[in-house]
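What you see below is based on every heavy atom in this structure, not just the backbone, and it leaves out hydrogens, waters and symmetry mates. Note that the structure is a prediction, hence the values are computed from the model and not measured.
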Amino acid sequence: MTLIYFILVLGITVLIHELGHFIFAKRAGIYVYEFSIGMGPRLFKFKRKNDETEYSIRLFPIGGFVSMAGEDIEVDKNVPEEKQMYNKTWLQRFLTVIAGVMFNFILAIILLFIVALNTGAPTNKNYISETSEGFPISETNIQSGDKILKVNGKKVRNQDMLMLELTVNNGKTINLTVEHQNKEVEVIKIKPKKVKVDGETAYKYGMALENKVEKGILPSLKYAFTKTFDLVEQMVKIIFYLITGTLSLDSLSGPVGIYNVVGESAKAGLISIIYLIAYLCINVGFINLIPIPAFDGGRALFLIIEKIRKKKVNPKVENTIHAIGLVLLMVLMVVITFNDIVRLFK
């Protein structure tokens, strides 16, 4: 069942992304050779009547692609000039490139809305609901109802950012800036305690956060948009921490790590699976927005450069840069997957 859920979760995430590219390519009149879900050897394919596009499912559900005429350097003389991507307007090309990201974010917002309608919309505020006896925090003057404003001087607007800062400082003594009784702001030093959780060593600070939820359509709608924004903000911080070395590549997960997460989510029920799909859609959307070669963001960057220069970038140069970026991306994926496999045997 975990394997089925894994294929379903990644399949939906990839499908909606590639569907965005496909729909906007078709609307622009671009000739599409193939619409593929999955990578590697083709499992099966089909064509619709009066449609040039070949639809296929490939073996590995870790990606997909939409192959379009005029996307690369070589020109296909069998395809009319007006159907080649490079002959379309700047806006048509730009929308086709970023449509996958747009569709990922739209699906994420819809799914988070569904989750909130079913379980309630969490307020996501940093109010402490209780502290645990036997932890150093119980010896401080922190009380239930206090609001955490900063961790080591860094603002934490919500629980997502707070959990990221606690993860980054895992096992370290931290300084919490708290709002006490809605007035007084104090900086309190908190030391974590080493505990055993399911047979594994972990560091806990001994505090629980407010877990309030709001019911209704409007709170659910607000949650869907704010949660999406909060997760994107969190990912921006993660990229910054990876660049500065605060977080290592060990913190990232690839397909193997996602497989394990899918298994745990499946045990928690359908709503957890829906939330996971939303979370992965935001991840895929955000990563593809990063302006580096081989990603949609990299292609969009070249289009923006073209708009500024009022002249197209040399296709050979652009394709060479994207090819190098793709190779580096594959190397990164191998490293991350290797780390995932090593973690399985720890």
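Ring geometry for Trp90 versus Phe94: interplanar angle under 30°, hence parallel rather than tilted (30 to 60°).
Rounding to the nearest 0.5 Å gives a distance of 7.5 Å between CD of Glu130 and OG of Ser144. To the nearest 0.5 Å, atoms OG1 (Thr89) and CZ (Arg93) are separated by 7.5 Å. With rounding to the nearest 0.5 angstrom, the CG atom of Asn141 is 7.5 Å from the CG atom of Asp146. Interatomic distance, CD1 of Ile110 versus CD1 of Ile274, reported as 12.5 Å (0.5 Å rounding). Summarising the geometry, atom CG belonging to Leu176 is positioned 8.5 Å from atom OG1 belonging to Thr140; distances are rounded to the nearest 0.5 Å. Considering NZ of Lys172 and CG of Leu166, their distance stands at 12.5 Å, rounded to 0.5 Å.
Taking 4.5 Å as the limit, every side-chain heavy atom of Leu149 sits out of range of all side-chain heavy atoms of Val178. Two residues are said to be in side-chain contact when any heavy atoms from C-beta on lie closer than 4.5 Å; Phe35 and Leu15 meet this criterion. Considering only heavy atoms from C-beta on, Ile148 comes within 4.5 Å of Met207 through its side chain. The side-chain heavy atoms of Val195 and Phe135, taken from C-beta on, include a pair separated by under 4.5 Å. Here the side chains of Val313 and Leu303 are not in contact, with every heavy-atom distance at 4.5 Å or above. Side-chain contact between Tyr33 and Phe65: absent, with no pair of heavy atoms (C-beta onward) separated by less than 4.5 Å. Looking at Leu162 and Leu209, their side chains come closer than 4.5 Å, going by heavy atoms from C-beta outward. Residues Thr119 and Tyr275 have side chains not in contact (no heavy-atom distance under 4.5 Å, counting atoms from C-beta outward).
Heavy-atom neighbours of Lys125 NZ from other residues, nucleotides or ligands within 6.0 Å: at or below the threshold of 12. Annotation for Arg309: atom CZ counts as buried by contact number, over 12 foreign heavy atoms lying within 6.0 Å. Counting heavy atoms of neighbouring residues, nucleotides and ligands inside a 6.0 Å radius, atom OH of Tyr5 does not exceed 12 of them. Under a cut-off of 6.0 angstrom, the local environment of CD1 in Ile239 is crowded, with over 12 non-hydrogen atoms contributed by other residues, nucleotides or ligands. Annotation: Arg42, atom CZ; neighbour count of heavy atoms from other residues, nucleotides and ligands within 6.0 Å is above 12.
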For Val151 and Asn175, what are the C-alpha separation, side-chain angles and deciding distance, and is it a side chain to side chain contact (heavy atoms under 4.5 Å, CB included)? CA-CA 6 Å; Val151 176; Asn175 291 316; over 6 Å; no
Ile109 and Leu221: side chain to side chain contact (heavy atoms under 4.5 Å, CB included), yes or no, with the steps? CA-CA 8 Å; Ile109 290 168; Leu221 194 59; 5.6 Å; no
What's the verdict on side chain to side chain donor-acceptor pair (under 3.5 Å) for Asn126 and Asn158, showing C-alpha distance, side-chain angles and the deciding distance? CA-CA 6 Å; Asn126 294 330; Asn158 50 57; over 6 Å; no
So Glu71 and Tyr31, side chain to side chain donor-acceptor pair (under 3.5 Å) or not? Walk me through it. CA-CA 10 Å; Glu71 191 177 14; Tyr31 189 100; over 6 Å; no
Could you walk me through whether Phe302 and His322 pass the ring pair (Phe, Tyr, Trp, His ring centres under 6.0 Å) test, one step at a time? CA-CA 10 Å; Phe302 276 101; His322 287 314; 5.2 Å; yes
So Lys47 and Tyr55, side chain to side chain contact (heavy atoms under 4.5 Å, CB included) or not? Walk me through it. CA-CA 6 Å; Lys47 269 192 175 186; Tyr55 301 86; 5.7 Å; no
Taking it one step at a time, do His21 and Lys26 satisfy side chain to side chain contact (heavy atoms under 4.5 Å, CB included)? CA-CA 9 Å; His21 292 309; Lys26 285 287 190 180; over 6 Å; no
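The aromatic ring centres of Phe44 and Phe46 sit 6.0 Å or more apart.
Of the possible donor and acceptor atoms, none in the side chain of Lys237 sits under 3.5 Å from a partner among the backbone N and O of Leu164. A distance-only check finds no donor-acceptor pair linking the side chain of Asn288 to the backbone of Gly285 [under 3.5 Å]. In this structure, Gln84 contributes its side chain and Gly70 its backbone to a donor-acceptor pair below 3.5 Å. Remark: the backbone N or O of Val156 is not paired with any side-chain donor or acceptor of Glu165 at under 3.5 angstrom. Put simply, the side chain of Arg58 never gets that close to the backbone of Pro41: no donor and acceptor are under 3.5 Å apart. The main-chain N or O of Glu81 is found under 3.5 Å from a side-chain atom of Asn87 such that the two form a donor-acceptor pair. Listed for the Thr53 side chain is a donor-acceptor partner under 3.5 Å among the backbone atoms of Val32. Judged purely by atom type and a 3.5 angstrom limit, Lys88 uses its side chain to pair as donor or acceptor with the backbone of Glu82.
Checked by atom type, the side-chain pair Asp296/His17 shows a donor-acceptor distance below 3.5 Å. For Glu214 and Thr123, the side-chain atoms include no donor-acceptor pair closer than 3.5 Å. If you check the side chains of Asp160 and Gln234, you find no donor sitting under 3.5 Å from an acceptor. There is no side-chain donor-acceptor pair under 3.5 Å between Tyr127 and Gln159.
A salt bridge is absent between Glu179 and Lys150: the closest approach of a Lys/Arg side-chain nitrogen to an acidic carboxylate oxygen does not fall below 4.0 angstrom. Using a 4.0 Å cut-off between a side-chain N of Lys or Arg and a carboxylate O of Asp or Glu, Arg157 and Glu233 qualify as a salt bridge. Electrostatic pairing of Glu34 and Lys45 does not count as a salt bridge here, judged by no charged N lying under 4.0 Å from a carboxylate O.
For the residue pair Pro219 and Lys215, the shortest heavy atom distance occurs at CG-O, 3.5 Å. Closest heavy-atom contact between Ala224 and Thr228: O-OG1, 2.8 Å. Nearest heavy atoms, Ile290 versus Phe295: O-CB, 3.9 Å. When all heavy atoms of Tyr205 and Ile137 are compared, the pair lying nearest together is O-CG2, 3.2 Å. Across every non-hydrogen atom of Met235 and Asn283, the tightest pair is CE-ND2, 3.1 Å. Ile30 and Ala69 get closest at one heavy-atom pair: CG2-O, 4.0 Å.
A continuous path of Ile, Leu, Val, Met, Phe, Trp and Tyr side chains, each step under 4.5 Å between heavy atoms, connects Leu329 with Leu10, placing both in one hydrophobic cluster. Grouping the Ile, Leu, Val, Met, Phe, Trp and Tyr side chains by contacts below 4.5 angstrom, directly or via other members, places Leu280 with Val236. Both Val115 and Leu231 sit in one connected hydrophobic cluster of ILVMFWY residues. Membership requires side-chain heavy atoms under 4.5 Å apart, directly or through other members. In the hydrophobic clustering of this structure, Ile282 groups with Phe103; members are Ile, Leu, Val, Met, Phe, Trp, Tyr whose side-chain heavy atoms approach within less than 4.5 Å, directly or through other members.
Under the side-chain contact (heavy atoms from CB on, under 4.5 Å) test applied with Leu111, the options Ile277, Ile271, Ile12 reduce to a single match, Ile277.
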